[in-house]
Amino acid sequence: MANVFDVAEFFVEFAGQEEEGEMTQLKLNKLLYFAQGLYLAKTGKPLFNDAIEAWGYGPVVPAVYQKYKICGRNLIEADGKDVSCAFTDDEYDTLLDTMREYGKFSASYLVRKTHEPKSPWAQTTQNEVIENSLIAAYFTQNEKIIPFNETLAIKKLPTIGHRDADGFLLLPVNEDENWKI
């Protein structure tokens, strides 16, 4: 099981590598919620042990909020730390899928998404823990994500190059190069 602070650091570092990457503590907490939901739906087990609570602006992991609240609405600065080795393959894939599906959205959009009717947040009393069973049921039914590699196979999209074990795209040196994995 992953440590919630490693997961948070992964999202901060990932956003820091993007040209227009931005990570606020509000967006970070929403991404933690989506990652937990996707992982629960995929494996039936939680990604991390820390509870997620229903706060006014959506789901929040209180310990992560406490760590980053000093940033307020400002961006959280990445420190270049590599935490990718802290995760199992399933955990890492879920974090990448979370960033691919939800990382592109603004914090305000993610807040609106978590506030949808029948969402776990909407079904939980303010400042109470959102139960993992509620999150798992919701994500299993409503937030199905097709992993990136399966998406390529289903759509039969042509690709240039291959992805390595970490998901990075490897491009050929020239067009005639044969690929072997």
In Å, rounded to the nearest 0.5 Å, how long is the span from [atom1] of [X] to [atom2] of [Y]?
X: Glu53; Y: Tyr33; atom1: CD; atom2: OH; value: 14.5 Å
X: Glu128; Y: Ile52; atom1: CD; atom2: CD1; value: 15.0 Å
X: Trp121; Y: Trp55; atom1: CH2; atom2: CH2; value: 14.0 Å
X: Gln36; Y: Phe48; atom1: CD; atom2: CZ; value: 4.0 Å
X: Phe10; Y: Leu96; atom1: CZ; atom2: CG; value: 4.5 Å
X: Asn132; Y: Lys45; atom1: CG; atom2: NZ; value: 13.5 Å

Do you know the tightest heavy-atom contact between [X] and [Y]?
X: Ser84; Y: Tyr92; answer: CB-CE1, 3.6 Å
X: Ala51; Y: Pro62; answer: O-CD, 3.5 Å
X: Tyr57; Y: His115; answer: C-CE1, 3.5 Å
X: Thr124; Y: Val129; answer: CG2-O, 3.5 Å
X: Gln126; Y: Gly56; answer: NE2-N, 2.8 Å
X: Leu26; Y: Ala107; answer: CD2-CB, 3.9 Å

Validation row: [X], [Y] side chains within 4.5 angstrom (heavy atoms):
X: Val7; Y: Phe87; answer: yes
X: Phe14; Y: Leu95; answer: no
X: Met1; Y: Asn49; answer: yes
X: Val4; Y: Val64; answer: yes

Notebook entry, point to check: Around atom NZ of Lys104, are there more than 12 heavy atoms of other residues, nucleotides or ligands at under 6.0 Å?
Noted result: yes

Notebook entry, point to check: Is it true that atom CZ of Phe5 has more than 12 heavy atoms of other residues, nucleotides or ligands lying nearer than 6.0 Å?
Noted result: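 Enclosed.
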
[X] side-chain N/O to [Y] backbone N/O, donor-acceptor pair under 3.5 Å:
X: Lys30; Y: Pro59; value: yes
X: Asp6; Y: Ala86; value: no
X: Gln123; Y: Leu134; value: no
X: Gln25; Y: Tyr68; value: no
X: Thr43; Y: Leu40; value: no

Checklist line | Set of salt bridge (charged side-chain N to carboxylate O under 4.0 Å, His left out) partners for Glu116, sequence neighbours left out | finding: Lys113

Check: What do the steps show when you test Asp97 against Tyr102 for side chain to side chain contact (heavy atoms under 4.5 Å, CB included), and what is the final call?
Finding: CA-CA 8 Å; Asp97 288 340; Tyr102 302 104; over 6 Å; no

Note to self: Let me check something: do Phe105 and Val60 share a hydrophobic cluster, defined by ILVMFWY side-chain heavy atoms less than 4.5 Å apart, either directly or through other members?
What the structure shows: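 Phe105 does not cluster with Val60.
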
Next item on the list: Treat each ILVMFWY residue as a node, draw an edge where side-chain heavy atoms are under 4.5 Å apart, and state whether Phe11 and Tyr109 are in one component.
Entry: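 Per the 4.5 Å side-chain linkage, Phe11 and Tyr109 are co-clustered.
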
Next item on the list: Using the side chain to side chain contact (heavy atoms under 4.5 Å, CB included) rule, take Leu28 and Val12 through it: C-alpha gap first, then chi angles, then the decisive distance, then the call.
Entry: CA-CA 8 Å; Leu28 176 59; Val12 170; 4.2 Å; yes

Next item on the list: Apply side chain to side chain contact (heavy atoms under 4.5 Å, CB included) to Ser119 and Thr114, showing your working.
Entry: CA-CA 6 Å; Ser119 72; Thr114 63; 5.6 Å; no

Notebook entry, point to check: Is there any salt bridge (charged side-chain N to carboxylate O under 4.0 Å, His left out) pair reaching into residues 78-90, and which pairs are they, with sequence neighbours excluded?
Noted result: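 Output for this query lists Lys42-Asp90.
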
Margin query: Set out, in order, the CA-CA distance, both residues' side-chain angles and the distance that settles side chain to side chain contact (heavy atoms under 4.5 Å, CB included) for Ile130 and Ile135, then state yes or no.
Written below: CA-CA 7 Å; Ile130 303 172; Ile135 296 171; 3.5 Å; yes

